[in-house]
Amino acid sequence: MTHTETLSTLTVLPDKADRYLGEVFFREAWEEWSAAWGTEAVEAAGAHAAMLFKPDGVAARMIDPAIEFLAEHGFTPAAAIAVDLDRGTTRWLWLYRFNVASVDRVRLHDLVNTAGPGLLLVLRDRHRGPGDIPATVRLTDLKGPSRPERRRPDQLRSRLGVSDRLINFVHTSDEPADLLRELAILVAPAARPALFAALAAGDPGAWSATRRQVEDALPPHSFDGDAAAGRIRAQAEAALAAGPA
């Protein structure tokens, strides 16, 4: 199957297919994924999804409630990878969002997403049957949009108490084509073949140990607006009380 034929099965958007044909990330990932899965590669891409806990989600300790939500909806962790987002990674990951974002918003995005390690969970959709929508599509709907006014109460970001478009804790791949592209961006080339082989073998690995490693590297932090305002007031009052330096 050519890359063009493959993309037609992994996205419903012709423009996305055209763009991804010119991106090495998708092409690299597809070759490695198909080597691991063989003739089941397309079906396997439809049965898996990914959720990235960004540094804000790790610091807010949102991994536990999110995993509980995922389990309720039939998603099981199949692998976990610690990721360190940097300026280049964020620009590739959100390339087709940043092309319309202001420079100030992109810089603020950098500050949040490079503040510490993130956790990438690869998930299996236990509820998916033949002909069902891809796991990535179902999970993205369950996650909910970044804009609070567009979100349903039953979506994950509502349960996590997300009230800000930027501090929204998690990211998901929209379609199977995005899943493969983003795995190529976030997982080191030397690690991807072993990851894909483990997924094909059904080996979940020590994903909980990776989760603990990421949380240990980033202290817990509250993103509650009132609590943040209180911290700022306390720091300002302490500085005033101390007088001129």
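Index from 1, following the sequence.
You'll find the side chain of Asn168 stays beyond 4.5 Å of the side chain of Asp164, heavy atoms only. Asn99 places none of its side-chain heavy atoms less than 4.5 Å from the side chain of Leu95. Side-chain contact between Val122 and Met51 is absent, with no heavy atoms from C-beta onward closer than 4.5 Å. Within the 4.5 Å cutoff, the side chain of Val83 has heavy atoms near those of the Leu52 side chain. Between Pro117 and Val58 there is no side-chain heavy-atom pair separated by less than 4.5 Å. Residues Phe53 and Leu121 have side chains in contact (heavy-atom distance under 4.5 Å, counting atoms from C-beta outward). Counting heavy atoms from C-beta outward, Met62 and Val170 have side chains that stay 4.5 Å or more apart. Between Ile167 and Val162, every side-chain heavy-atom pair lies at or beyond the 4.5 Å cut-off.
Listed here is the closest heavy atom pair of Trp207 and Ala79: CB-C, 4.1 Å. Contact record, Ser163 with Pro148: O-CG, 3.7 Å, taken as the closest heavy-atom pair. Nearest heavy-atom pair, Leu199 versus Ala78, reported as atom, atom and distance to 0.1 Å: CD2-CB, 3.6 Å. Taking every heavy atom of both residues into account, Val106 and Ala101 meet most closely at CG2-CB, 3.9 Å. Contact between Leu7 and Ala177 at its shortest, heavy atoms only, is CD2-CB, 3.9 Å. Ala17 and Thr11 make their closest contact through CB-CG2, 4.0 Å (heavy atoms, listed as atom of the first residue, atom of the second, distance).
Shown here are the side-chain hydrogen bond (donor to acceptor under 3.5 Å, both in side chains) partners of Asp15, two or more places apart in sequence or in another chain: there are none. Remark: Arg126 pairs with no residue by the salt bridge (Lys or Arg N to Asp or Glu O under 4.0 Å) rule, at least two apart or across chains. Residues passing the ring pair (Phe, Tyr, Trp, His ring centres under 6.0 Å) test with Trp92, sequence neighbours excluded: Phe25. Listed by chain and number, the residues in a side-chain contact (heavy atoms from CB on, under 4.5 Å) with Thr89 are Leu85, Asp86, Ile185, Leu186 (sequence neighbours excluded). Not counting sequence neighbours, the partners of Arg97 by the salt bridge (Lys or Arg N to Asp or Glu O under 4.0 Å) test are Asp174. Residues forming a side-chain hydrogen bond (donor to acceptor under 3.5 Å, both in side chains) with Ser34 (at least two apart in sequence, or on another chain): none. The ring pair (Phe, Tyr, Trp, His ring centres under 6.0 Å) check on His171 picks up Trp94, with sequence neighbours excluded. For Thr39, there are no side-chain contact (heavy atoms from CB on, under 4.5 Å) partners at least two apart in sequence or on another chain. Under the rule for a ring pair (Phe, Tyr, Trp, His ring centres under 6.0 Å), the partners of Phe196 that lie at least two apart in sequence or sit in another chain are Trp33. For Glu68, there are no side-chain hydrogen bond (donor to acceptor under 3.5 Å, both in side chains) partners at least two apart in sequence or on another chain.
How far NE2 of His109 is from CZ of Arg165: 11.0 Å, rounded to the nearest 0.5 Å. From Leu119, atom CG reaches atom CD1 of Ile63 across 5.0 Å, with rounding to the nearest 0.5 Å. To the nearest 0.5 Å, atom CG of residue Asp18 and atom CD of residue Glu23 are 12.0 Å apart. Here CG of Leu179 is found 4.5 Å from CG of Leu183. Values are rounded to the nearest 0.5 Å. The structure places CD of Glu32 at 4.0 Å from CZ of Arg192, a figure rounded to the nearest 0.5 Å. With rounding to the nearest 0.5 angstrom, the CD atom of Glu43 is 9.5 Å from the CH2 atom of Trp37.
Taking a cutoff of 4.0 Å between a charged side-chain nitrogen and a carboxylate oxygen, Arg181 and Glu28 do not qualify as a salt bridge. A salt bridge is defined here as a Lys NZ or Arg NE, NH1 or NH2 lying under 4.0 Å from an Asp or Glu carboxylate O, and Asp178 with Lys16 meets this definition.
Relative ring orientation between Trp30 and Phe26 is described as parallel, the plane-to-plane angle staying below 30° on a 0-90° scale split at 30° and 60°.
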Step by step, would you call Val12 with Glu175 a side chain to side chain contact (heavy atoms under 4.5 Å, CB included)? CA-CA 9 Å; Val12 297; Glu175 292 185 287; 3.5 Å; yes
For a salt bridge (charged side-chain N to carboxylate O under 4.0 Å, His left out) check, start with the C-alpha distance between Glu72 and Arg159, then their side-chain angles and the critical distance, and finish with the verdict. CA-CA 13 Å; Glu72 291 171 8; Arg159 180 181 291 195; 2.9 Å; yes
Applying side chain to side chain contact (heavy atoms under 4.5 Å, CB included) to Arg128 and Ile133, what does each step give before you reach the verdict? CA-CA 8 Å; Arg128 185 174 186 270; Ile133 63 170; over 6 Å; no
Let me see the working for Phe223 and Phe169 under side chain to side chain contact (heavy atoms under 4.5 Å, CB included), right down to the final yes or no. CA-CA 10 Å; Phe223 290 91; Phe169 303 144; 4.0 Å; yes
Go through it in stages, so that I can follow the logic: the residues are Leu120 and Val187, the test is side chain to side chain contact (heavy atoms under 4.5 Å, CB included), and I'd like the CA-CA distance, side-chain angles, deciding distance and then a yes or no. CA-CA 9 Å; Leu120 178 66; Val187 182; 4.1 Å; yes
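Counted within 6.0 Å of CZ on Arg107, heavy atoms from surrounding residues, nucleotides or ligands total 12 or fewer; the atom is thus considered open.
Panel note: side chain Thr114, backbone Asp110; a donor-acceptor pair is recorded below 3.5 Å. Here the side chain of Arg151 pairs no donor or acceptor atom with the backbone of Leu156 at under 3.5 angstrom.
Using a 4.5 Å cut-off between side-chain heavy atoms of Ile, Leu, Val, Met, Phe, Trp and Tyr, with links allowed through other members, Leu10 and Leu21 fall into the same hydrophobic cluster. There is no path of hydrophobic side-chain contacts, each under 4.5 Å, that joins Ile81 to Ile67.
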Solution key, residues 138-147 side-chain donor-acceptor pairs under 3.5 Å, sequence neighbours excluded:
unit_1, atom_1, unit_2, atom_2, d
Arg138, NE, Asp125, OD2, 3.1
Arg138, NH1, His73, O, 3.2
Arg138, NH2, His73, O, 2.6
Arg138, NH2, Asp125, OD1, 2.6
Arg138, NH2, Asp125, OD2, 3.4
Thr140, OG1, Thr136, O, 3.0
Thr140, OG1, Thr172, OG1, 2.9
Thr140, OG1, Ser173, O, 3.1
Asp141, OD1, Arg152, NH1, 3.3
Asp141, OD2, Arg152, NH2, 3.2
Lys143, NZ, Thr172, OG1, 3.3

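The one candidate from Leu108, Leu93, Thr90 that meets the side chain to side chain contact (heavy atoms under 4.5 Å, CB included) condition with Asn113 is Thr90.
Applying the salt bridge (Lys or Arg N to Asp or Glu O under 4.0 Å) test to pairs two or more places apart or on separate chains, those with a residue in residues 47-66 are Asp64-Arg211.
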